[in-house]
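Everything on this sheet refers to the single structure shown next.
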Number of protein chains: 2
Amino acid sequence: MADAISVFRAFLKKKGLKLTRQREIILKAFIGTEKHVTTDDLYEIVKKKKQSIGHATVFRTLKLMCESDLATSLNLDGKVTRFEHKYGHEQHYHLVCTKCGKFIEAVDPEIERLQQALAKRFSFKVTSHKLRILGLCKECSRKKRR
Amino acid sequence: MADAISVFRAFLKKKGLKLTRQREIILKAFIGTEKHVTTDDLYEIVKKKKQSIGHATVFRTLKLMCESDLATSLNLDGKVTRFEHKYGHEQHYHLVCTKCGKFIEAVDPEIERLQQALAKRFSFKVTSHKLRILGLCKECSRKKRR
DNA sequence: GTTATAATTGAAATTGAATTTCAATATCAA
DNA sequence: TTGATATTGAAATTCAATTTCAATTATAAC
């Protein structure tokens with residue numbers, strides 16, 4: 001947590017920005033939840049800490065957190081953008097059930113390695129990736145389909 | 001092409017829908033381009049064939065094409081949705097340059113295999129996946145960054 | 001401290017792609 | 001032919017994402 005804050009502070013400083021009271025509250029709220037929040041979700045959480053914070057600030061701070069690699073955005077349902085922790089977390093994939101919407105997070109060093117190798121073939125310098133595997137989760141694939 | 005049309009026709013029939021003149025024009029226009037089109041792109045193409053076709057019909061037909069696995073949607077820039085062929089095409093990945101926007105399509109049977117294996121561990125039944133690798137293309141990684 | 005400069009904020013407005021509505025047509029089955 | 005249903009295109013709507021703007025606050029220079 002303290003770590004994430006100093007990363008953010010360093011990032012802001014480099015950009016000539018300040019770690020304001022609002023930004024700190026928003027960052028802490030984000031770090032404090034393991035959920036994959038939407039801007040609105042985070043806004044609601046933050047609101048409890050400090051009534052006066054607005055949507056715009058949450059939105060903008062989330063954007064800064066992505067730029068600083070503390071957070072990353074993802075889109076599980078094709079509608080709203082969600083955010084998840086990136087700092088201190090391995091790159092992972094989402095296995096998303098197209099029926100019930102549940103998702104599983106998974107990691108595989110071998111897949112990572114192959115992705116790097118693939119990119120190398122194209123002299124492509126990887127910074128990140130987004131892998132979403134779509135299908136049916138255990139429960140939903142058991143159930144008879146209608 | 002003829003193939004894709006019969007796939008679409010069969011799909012529509014199963015759903016109690018018809019292969020109308022408009023839908024056929026739209027499908028053919030889509031099949032006829034190798035570009036990753038937006039609904040607007042396709043609308044413009046289709047317009048040349050038949051003036052009177054509207055955005056809504058293109059949008060709805062594209063949706064049907066996705067349902068029938070002739071097409072699949074993708075989002076390269078985080079803004080507009082684009083559509084690419086799926087029927088008769090291997091699952092592939094997109095290496096997207098975050099600087100110039102160019103993208104490369106790539107395939108890797110080994111990555112495919114590992115994804116399947118990964119899913120199996122969770123008893124997850126894969127129907128498709130979307131893998132986007134973000135980074136810098138050959139040209140952009142050469143250039144000095146500002 | 002005072003003043004100039006720049007960053008920050010929250011409310012509200014705007015944007016723009018995606019989607020739906022609706023009335024008019026067209027199509028099919030009996 | 002007639003009734004039921006699907007289809008269409010224009011326009012309207014939705015809604016998340018983003019920007020605007022005037023007010024406020026922090027920072028730096030003096």
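Labels below follow one simple rule: chain letters A, B, ... track the order of the sequence lines, proteins then strands, and each chain is numbered from 1. Here the structure is a predicted model, which is why all the values come from computation and not from measurement.
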Name the first nucleotide and the last nucleotide along DNA chain C (5' to 3') that come under 4.0 Å of a heavy atom in chain B.
C:dA17 to C:dC28
Considering heavy-atom distances to DNA chain D, does A:Arg82 or B:Gly16 have its closest nucleotide positioned more toward the 5' end?
B:Gly16
Measure up the A:Phe8 and A:Phe11 rings against each other and bin them: parallel (under 30°), tilted (30 to 60°), perpendicular (over 60°).
parallel
Could you check whether the rings of A:His36 and A:His94 sit parallel, tilted or perpendicular, using 30° and 60° as the cut-offs?
perpendicular
Between [Y] and [X], is the closest basic N to carboxylate O distance under 4.0 Å?
| X | Y | result |
| --- | --- | --- |
| B:Arg82 | B:Asp41 | yes |
| A:Arg121 | B:Asp108 | yes |
| A:Glu24 | A:Lys28 | yes |
| B:Lys15 | B:Glu67 | yes |

May I ask you to say what B:Thr81 touches in the nucleic acid, namely base, sugar-phosphate or nothing, with a heavy-atom cut-off under 4.0 Å?
sugar-phosphate
Taking side chain to side chain contact (heavy atoms under 4.5 Å, CB included) as the definition, give me every residue that meets it alongside B:Gln116, ordered by chain and number, with sequence neighbours left out.
B:Val126
Excluding sequence neighbours, so at least two apart, what forms side chain to side chain contact (heavy atoms under 4.5 Å, CB included) with A:Ser128?
A:Lys86, A:Gln91, B:Leu134
A:Asn75 CG to D:dC15 C1': how many Å, rounded?
14 Å
In whole angstroms, the gap separating P of D:dT18 from CG of A:Asp40 amounts to 13 Å
Grab the N/O contacts between the protein and nucleotides 25-30 of chain D below 3.5 Å, and write none if there aren't any.
none

So the ring-ring contact (aromatic ring centres under 6.0 Å, His included) pairs with at least one residue in residues 116-136 of chain B (sequence neighbours excluded) are B:Tyr93-B:His129
Do you know the tightest heavy-atom contact between A:His85 and A:Ile31?
CE1-O, 3.3 Å
Sorted by number, the residues of residues 43-67 of chain B with heavy-atom contact under 4.0 Å to DNA chain C
B:Ala56, B:Phe59, B:Arg60
